[in-house]
Every structure is written in structure tokens, then in C-alpha cells.
Novice: 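After the C-alpha cells below, expect a handful of questions from me.
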Amino acid sequence: MKEYEHKQLEEALRIERDNLKSIFEAMQDGVYIVNQNYDIQYVNQVLIKDFGVYNDKKCYEYFHGKTEACSWCKISDVFAGKTVRWEWYSSKNQRTYDLIDTPLKNADGSISKLEIFRDITEHKQVEDALKEQHQYLQSIVDGVDNPIMVIKKDYSVELMNKALSETMQDKYIADPRHPKCYEVSHFQSIPCNGSNHLCPLKTIMDTKKPSIVIHNHQKSNGTKHFIELSATPLFDNEQNCIGIIESAKDITSRLAVQDKLQQQKVNLHYQAHHDALTGLPNRVLFNDRLEQAIEKSKRNGQKLALFFIDLDYFKEINDSFGHDIGDKILVVITQRLIDIIRSEDSIARLGGDEFTITMEELTQGQDASLLAHKILEAIEKPVTINDNLLYVSCSIGISLYPDDGSSAIDLLKFSDAAMYKAKDEGRNNYQYYSAEMTELAFERVVMETNLRTALNNEEFVIYYQPQVNGNTNKLIGLEALVRWQHPSMGLVSPAKFIPLAEATGLIIELDQIVMKKAMKQMAVWYSQGLNPGRLALNLAIKQLQQKDFANILEDIIKETGCKPEWIELEVTEGQIMTNPEAGIKVLNKISNLGVELAIDDFGTGYSSLSYLKKFPINKLKIDQSFIRELPNDDEDVAITKAVIALAQSLKLDIIAEGVEKKEQKDFLVNNGCENIQGYFYSRPIPVDEMKIYLKKR
Ligand code: C2E
Ligand code: CA
Ligand code: CA
């Protein structure tokens, strides 16, 4: 390069540097230039003002008051061509600077460092204040036990507390600078949805209103947790919703406590309405249910039966075996009762040994008897306790809605009363509140349980009622009257089962059994030297109408050792007159055997006198309905007298039955009817008693 050119270049550089310096002088920031020997080559006015005169000072002397280069000095990096930025606090003037160091090439090829001082003291103070505020805020939220986070619209978490950050797992966080709420709290890579994990952010962005949702979480150890998220919207200055503040609370234990309380409430309610021993509804619940059942029956126009069950002699069981055993029996019996009732029936224990059963949807009152039988049978089965067999029975009273009453109180009162009736009837049986109902039910049950089993089991016994000559007081005969010794109902009157036996045809077998038994008995008595007179047997017309009845009768007479002259057959007027032509033949055959014939219940049917004349009959039996009001009722007096006159004119014997009082007997005897049967002399009595009776005569 030529001298001249060189000078020109230097001049240009100088101008450029002067320009640069005048720019530096105009700047607000401090600027200085230093060479590789730390010699300050230039300092602008700002620095001169702040740090004083720099004449021939090294930078470390000037800025730091040191005698050698600072250990932290990055000057070598700058001389290596790098730009370095750092922050420096000057203790000299207590200000903070943002320093930018850049390499500056000199004309001679050497490199100097240009450092720009930007005073950021105020900015720093604001920043520090902000930081402090943030830390303050953070320490507040950190102080809250439950996880809290501020979530922006894009699911990124702007703020979270320690409770949350501690549970956060880094591996699920895609961008640590902007963790997403679903990454932080659900360890998943997509936002929550579905009913199990409703997203409060979505909800609030729609509604702009606070929201509470419950999440169902399963922890890694498998335990289930319920988390209640309560979230409120976060607005900017323009009231735009920019996100939410969400706090989470593990409410598992609270729910558990609530559950427990609820369970306790249920338990208490249960205890208040149930009997502790058997678990059955108690009186309180029973009343409630009965009232409901009545309402329902009212609406549906149906019947309802209320059973009152009381164990027989339970006090004695308790007294002799102890209450523990008594309790065990009650539990066993409860189970048996539960087993036999239908699902729509309800059972309760009123206390002690008293139970009730409400049976709904009955079509007829009689139908309740089926359950009554089942109950009797179920309770009768022995109870095994400690290898001992204990026998229990019960008495049952039944009241019916609406027949007996329409209120719960009445039905209970009436079923209780009926139960006492059952106790009076000898226990181990059932009674309806209304006597007619008991009868109807009985017929129904007979149908169901079948008379035949009774026949097979020989449940029929014969009672005998004396027939006496009212004048001489001599015994002239006995009427055999059958009774059914029913296993649960006790002694049942024939009026209750004879009509049914007739309807089913079983009367034939039944009457033959009675005939055989009674005839055998006659033979025994006669062989014992007793004199029972004549045996009157009641025969159903069906029996007589059998083709070979006369032969059957003959066979029985032979078989039992009875004599024909000891026997008299009674046929009711009503029955014989339904088909008198057919009657004549068989009556003749019977008569030919030497057996006598009597017309029973005479006066109640419509006997044709011409037939009466044709029948080979020996006796008329005046029906007891005419005897009852003797001698006061004029009509009965007239009829009785007329029947006696008829018998006398037809040359027939005559007997009156149902004679209970002396004046009845006297009237009859005085008017020509000497033969008397009735309670006045004796009720029908069983065979043993009859033997004693006969011996006394
Ligand atoms: P029935 O043949 O007219 O028998 C007389 C009924 O009057 C008997 O009733 C008897 O107990 C009752 N009685 C006797 N004395 C008096 C009295 O002083 N006052 C009152 N109020 N009643 C008295 P029971 O034993 O209940 O028999 C009812 C009916 O059953 C009998 O009426 C008879 O028709 C029928 N019956 C009884 N045993 C048999 C039988 O073995 N075979 C058939 N086919 N029917 C029988
Ligand atoms: Ca009779
Ligand atoms: Ca009679």
C-alpha cells in the first residue's frame, strides 16, 4: 500500500471511529473499549459520570478497584471472537448492569473488547418484586394440602402447588416448560373425557361458571379414590375466560364416613323396625305394612287375611328348658314360617311367641285355610336342639278384610280374638274370627287334603248316644254318630264333613267303616253281658242305592258277629223321598234280613203318605227342630202331635231326638212318644264312656 493510500485509510478509520464515538456519547448506556492488556482505550460520558476519570487505568482498576484481572473476566472469550452477555452489580454505585461484550477489530488487526453497560437497576427491582410476589403466591399455594393448579385454555399448567408437583411424574411430561394438566394429574397424553373423568376446563369454557366434578381414580396400588375437583373460571382484564383455577380434594375418606353414617342410619332404622332375635319386622313395621296392604286391597277390591299365630305352651317351654332354648325354637320356627309363605305375604313378630302373617290377594276367605294348615304342619314338626327333639304347636286366629273389619286395629284385634278361640278349641288348630268362615274353610280344606287319607288313616271315631224310654227309663238303643278325629283340628262334627263325603261318594266307604266298627262293638258289648239295645246307624241314600247293598250288609253282619235284630238303619226323609221307587226295593231286601228301618229327621221332607205306607219301615224319628220349642210353640206342638198320630195310625214306632229339657220329655211322653234321645239323657259319648254307662244300667 502506498503511503498516501495508507494515510487515506487511516483517516477514514479515524472518522469512522469518531462517528462511532459520537454515537457512543449520545447513548444512554455506558460504553467502553479495552484492549488485550486490559488498557481502557475509550469510555463514554455515561461511564465517566458514573465511575469517574479513567486516565491510563486498566479496566479492573477502573471498575473494580483491583490490581489484577478479575477471575470471572470473560475477556479471552471475547478476544476469541465471541459475544458475551452477563449481569453485573456494582458495589461502587450499587447499580445493576446488563453487560454485552463484543469483539472490536482495530485497524492494526488487533482486537479490542467493546462493552455496553445497560443500567437495569430499576428493571431488576421490578423483576425482583415480581419474583418475590410470585414466590409469595407460590408459598401460599404450597401451603395448601390439596393439589391446586392454574390451567390455561390449551391445558397447560401455569401454576401448580407442591402437593401437585410432588406427585408429578417427569416421564409423562412432554414439554417441562409447559406441562399439561392431563399429564400432571392423570399421567396421560390426551385431555380427559367421558363420564368418569369429566373435564372441568371444557365445562367452564362453555359455561364460564364454577363447576365441581368428581373423578374416580385408581392408584397404582389398586386402591380406588374419589377426587372432587372444584374449578373456577380465570378471567383477563377484558373479562375473557382464559383458563381455570382447579383444586382437587381426595374425598374417599369423607365418602367412606358418609357411607358409614348412611349405613348406621340404615342400621338404626332397621333395628327400630325389626326384631333382634329373628330379624323379622316388629310391631311398628307390621302395623305400617298392614295398613299399606289394606290400602292396596281396597284399591284392587281384593281380600286380605291376617293370621295371628301364638305358640302353644311356650311359657312352659321357656320355664323348663330356659330362654336360650326358647329363643332357638323361635328362630327355627321363624325360618319355617318364612319358607312356607309366598313372596307377596309378609310376616312379623309382635313379641314373645306371637307372630303375624298378612296374606294378600285372596279370592275367597276360605283360601287362607290352606296356609293355616301349612303353618300348623310346619310348626308341628319336632325341633332338634342339642340332640333333643322338642315338640311345639301353635294356635292361629284369622281375620279377613273386608269381611271382619277394614282397619288395621280391628283386623289385629279380631285375629287375636280368633286365636283365643283356637286356644279354647284345644290349641294346635286355627279359627277364623267368623264361625261361618271356619266352617267354609274347613270344607275347602277337606277338599284339599282329601277325605280319603283320613279314611286310610282311620281318623274316624264313633260316638254313641243313648235312646231311652222316657216312661220306664229303660235304655232301648244307641245311635252311632261318627266324628273325625282330625290331627290338627281336633274332633270335627259330622255336619262339617258328611255333606262333602256325600258329594264325593266317599260316604259309602265311610258308612261301611262306621257300620263295621259299631256292629263289632255291639257284639262285644253283648258278649260282655251288657245290653245296649238296638244300634241305630245313619246311612246315606247312596249307600242304600248300591246294587248289592243288602248283600254287603249281610256280609258285615256275619263278619262282625252282630245280629240283624240288634240293628236299625236310619235314612233321612229328604233322602228317601228323592227317589222313593228305587228306595222301596232295597228297603224290602234290608227288611227281609231282619234289620229295622227308621225315617230320620221326619217332618222336614215332603213325605207322601202313600209311599210311607208302602215302605217297610218301622219307626219315625221326629226332627229335632220341632222339639226345640216344645211345649211352648203352638205350631211345634201341633206338628209333633200330628207326627205322633201319624205313626200311631201307620202302626210305626216313634222317637224324638234333640230332647234337652225335662218339660220337652214330659210333653212327648204324655203325648204318646215314649222313646227319647237327647242331651236330657246323654250327649253322644265315646266308646269307653258308653261302656261305663251301659254297666251302670
Ligand atoms: P242326625 O242323624 O239327625 O243326628 C242327631 C244329631 O243331633 C247329632 O249330631 C247329635 O249329636 C245331635 N243331638 C243329639 N241330641 C241332641 C240334643 O239334645 N240337642 C242338640 N242340639 N243336638 C242333639 P251330630 O252327631 O253332629 O250328627 C250330625 C248329623 O250327621 C247326623 O244327624 C247325621 O245326619 C249325620 N251323621 C252322623 N253320623 C253319621 C254316619 O255315620 N253316617 C252318615 N251317613 N251320617 C252321619
Ligand atoms: Ca240319625
Ligand atoms: Ca235326626
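In each ligand, atom 1 is the first atom listed, and ligand 1 is the first ligand listed. Computed from a predicted model, the values in this text were never measured in an experiment.
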Novice: What are the atoms of ligand 1, with element, lying closer than 4.0 Å to any heavy atom of Gly678?
Specialist: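 This gives 15 (N), 18 (O) as the contact atoms.
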Novice: Nearest 0.5 Å, please: how far is CZ in Phe667 from CD in Glu663?
Specialist: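 If we round to the nearest 0.5 Å, Glu663:CD and Phe667:CZ are 11.5 Å apart.
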Novice: Just to check, does Gln543 reach to within less than 4.0 Å of ligand 1 when the distance is taken from its heavy atoms?
Specialist: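 No, that is not the case, since the closest heavy atom of the residue is not under 4.0 Å from the ligand.
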Novice: Of the listed options (Tyr679, Tyr681, Phe680), which comes nearest to atom 16 (C) of ligand 1 when hydrogens are ignored and any heavy atom counts?
Specialist: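 The residue whose heavy atom sits nearest atom 16 (C) of ligand 1 is Tyr679.
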Novice: According to salt bridge (charged side-chain N to carboxylate O under 4.0 Å, His left out), who are the partners of Lys298, at least two apart in sequence or on a separate chain?
Specialist: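 Result, salt bridge (charged side-chain N to carboxylate O under 4.0 Å, His left out) vs Lys298: Glu295.
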Novice: Nearest 0.5 angstrom please: Cys673 SG to Lys665 NZ, how far?
Specialist: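 These two atoms lie 12.0 Å from each other.
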Novice: Considering only heavy atoms of Asp601, which atoms of ligand 1 have at least one such atom less than 4.0 Å away?
Specialist: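 Numbered from 1, ligand 1 contributes 3 (O).
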Novice: Which is it for Val643 and Phe626 under the side chain to side chain contact (heavy atoms under 4.5 Å, CB included) test, yes or no, and what are the steps along the way?
Specialist: CA-CA 10 Å; Val643 174; Phe626 306 118; 5.7 Å; no
Novice: Mark yes or no: Arg483 above the aromatic ring of Phe460, with NZ or CZ under 6.0 Å from the six-membered ring centre and no more than 45 degrees from the axis.
Specialist: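 The answer is no, since Arg483 fails at least one limit relative to Phe460.
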Novice: Can you name the atoms of ligand 1, numbered from 1 with element, that are less than 4.0 Å from a heavy atom of Pro684?
Specialist: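 What qualifies from ligand 1 is 11 (O).
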Novice: Can Glu479 and Lys621 be said to form a salt bridge (charged side-chain N to carboxylate O under 4.0 Å, His left out), step by step?
Specialist: CA-CA 12 Å; Glu479 182 176 5; Lys621 205 168 185 182; 2.7 Å; yes
Novice: Taking 4.0 Å as the limit for heavy-atom contacts, which would you say applies to Arg683 with ligand 1: side chain only, backbone only, both, or neither?
Specialist: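 Neither; no heavy atom under 4.0 Å.
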Novice: Answer yes or no: is there a donor N or O on one side and an acceptor on the other, between the side chain of Asn457 and the main chain of Glu459, under 3.5 Å?
Specialist: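 Such a contact is absent between Asn457 side chain and Glu459 backbone.
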Novice: Heavy atom to atom 33 (C) of ligand 1, shortest distance: which of Val482, Ile507, Asn538, Thr572 holds it?
Specialist: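 Among Val482, Ile507, Asn538, Thr572, the closest heavy atom to atom 33 (C) of ligand 1 comes from Asn538.
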Novice: Check whether Phe286 forms a cation-pi arrangement with Arg289 (NZ or CZ under 6.0 Å from the six-membered ring centre, at most 45° off the ring normal).
Specialist: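 No.
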Novice: Which part of Glu502 is near ligand 1, with near meaning a heavy atom under 4.0 Å away: side chain, backbone, both or neither?
Specialist: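 For Glu502, there is no contact with ligand 1 at all, from either part.
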Novice: Please name the atom of Asp600, restricted to N, O or S, that is closest to the Ca ion (ligand 2).
Specialist: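 Of all N, O or S atoms belonging to Asp600, OD2 is the one nearest the Ca ion (ligand 2).
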Novice: Table please: side-chain donor-acceptor pairs of residues 560-567 below 3.5 Å, with sequence neighbours left out.
Specialist:
| residue | atom | partner | partner atom | Å |
| --- | --- | --- | --- | --- |
| Thr560 | OG1 | Ile556 | O | 2.8 |
| Thr560 | OG1 | Ile557 | O | 3.2 |
| Thr560 | OG1 | Cys562 | N | 3.4 |

Novice: For the Ca ion (ligand 2), which N, O or S atom of Glu479 is at the shortest distance?
Specialist: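 Distance check against the Ca ion (ligand 2) picks out OE2 in Glu479.
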Novice: For N/O/S atoms only: which one belongs to Glu570 and is nearest the Ca ion (ligand 2)?
Specialist: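 Output for this pair reads OE1.
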Novice: Using 3.0 Å as the threshold, say whether any N, O or S atom from Thr572 sits that close to the Ca ion (ligand 2).
Specialist: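 Within the cut-off used here (under 3.0 Å), Thr572 places no N, O or S atom near the Ca ion (ligand 2).
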Novice: Hey, is Leu510 touching ligand 1 through its side chain, its backbone, both or neither, going by heavy atoms under 4.0 Å?
Specialist: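 Contact part for Leu510 vs ligand 1: neither.
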Novice: Considering Leu481, Ile513, Leu539, which one's heavy-atom position lies nearest to atom 10 (C) of ligand 1?
Specialist: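 Heavy atom nearest to atom 10 (C) of ligand 1 belongs to Leu481.
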Novice: What I'd like to find out is whether the side chain of Ile498 reaches to under 4.5 Å of the side chain of Ile507, using heavy atoms alone.
Specialist: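 Counting from C-beta outward, Ile498 and Ile507 do come under 4.5 Å.
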Novice: So if I count the atoms of ligand 1 from 1 in the order they appear, which ones are less than 4.0 Å from some heavy atom of Val659?
Specialist: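 Taking each heavy atom of Val659 in turn, ligand 1 has 18 (O) under 4.0 Å.
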Novice: Which of the atoms of ligand 1 are close to Glu479, meaning less than 4.0 Å from one of its heavy atoms?
Specialist: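 Near Glu479, the atoms of ligand 1 are 2 (O), 4 (O).
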Novice: In terms of atom number and element, which parts of ligand 1 are under 4.0 angstrom from non-hydrogen atoms of Glu660?
Specialist: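 Those atoms are 17 (C), 18 (O), 19 (N), 20 (C), 21 (N).
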Novice: Quick check on side chain to side chain donor-acceptor pair (under 3.5 Å): which of Glu502, Gln545, Gln543 does Gln575 satisfy it with?
Specialist: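 Option passing the side chain to side chain donor-acceptor pair (under 3.5 Å) with Gln575: Glu502.
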Novice: I'd like to check which ligand 1 atoms, numbered from 1 as shown, lie under 4.0 Å from a non-hydrogen atom of Pro494.
Specialist: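 Here the atoms of ligand 1 in question are 24 (P), 25 (O), 26 (O), 27 (O), 28 (C), 30 (O), 37 (C).
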Novice: When you look at Asp345 and Arg342, which way does the salt bridge (charged side-chain N to carboxylate O under 4.0 Å, His left out) test go after all the steps?
Specialist: CA-CA 5 Å; Asp345 303 333; Arg342 306 169 306 172; 2.8 Å; yes
Novice: Does ligand 1 have any atom sitting under 4.0 Å from a heavy atom of Gln677?
Specialist: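 Judged by the 4.0 Å heavy-atom criterion, Gln677 does not count as contacting ligand 1.
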Novice: Below 4.0 angstrom from a heavy atom of Ile498, which ligand 1 atoms are there? Numbered from 1 as shown, please.
Specialist: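 Close to Ile498: 43 (C), 45 (N), 46 (C).
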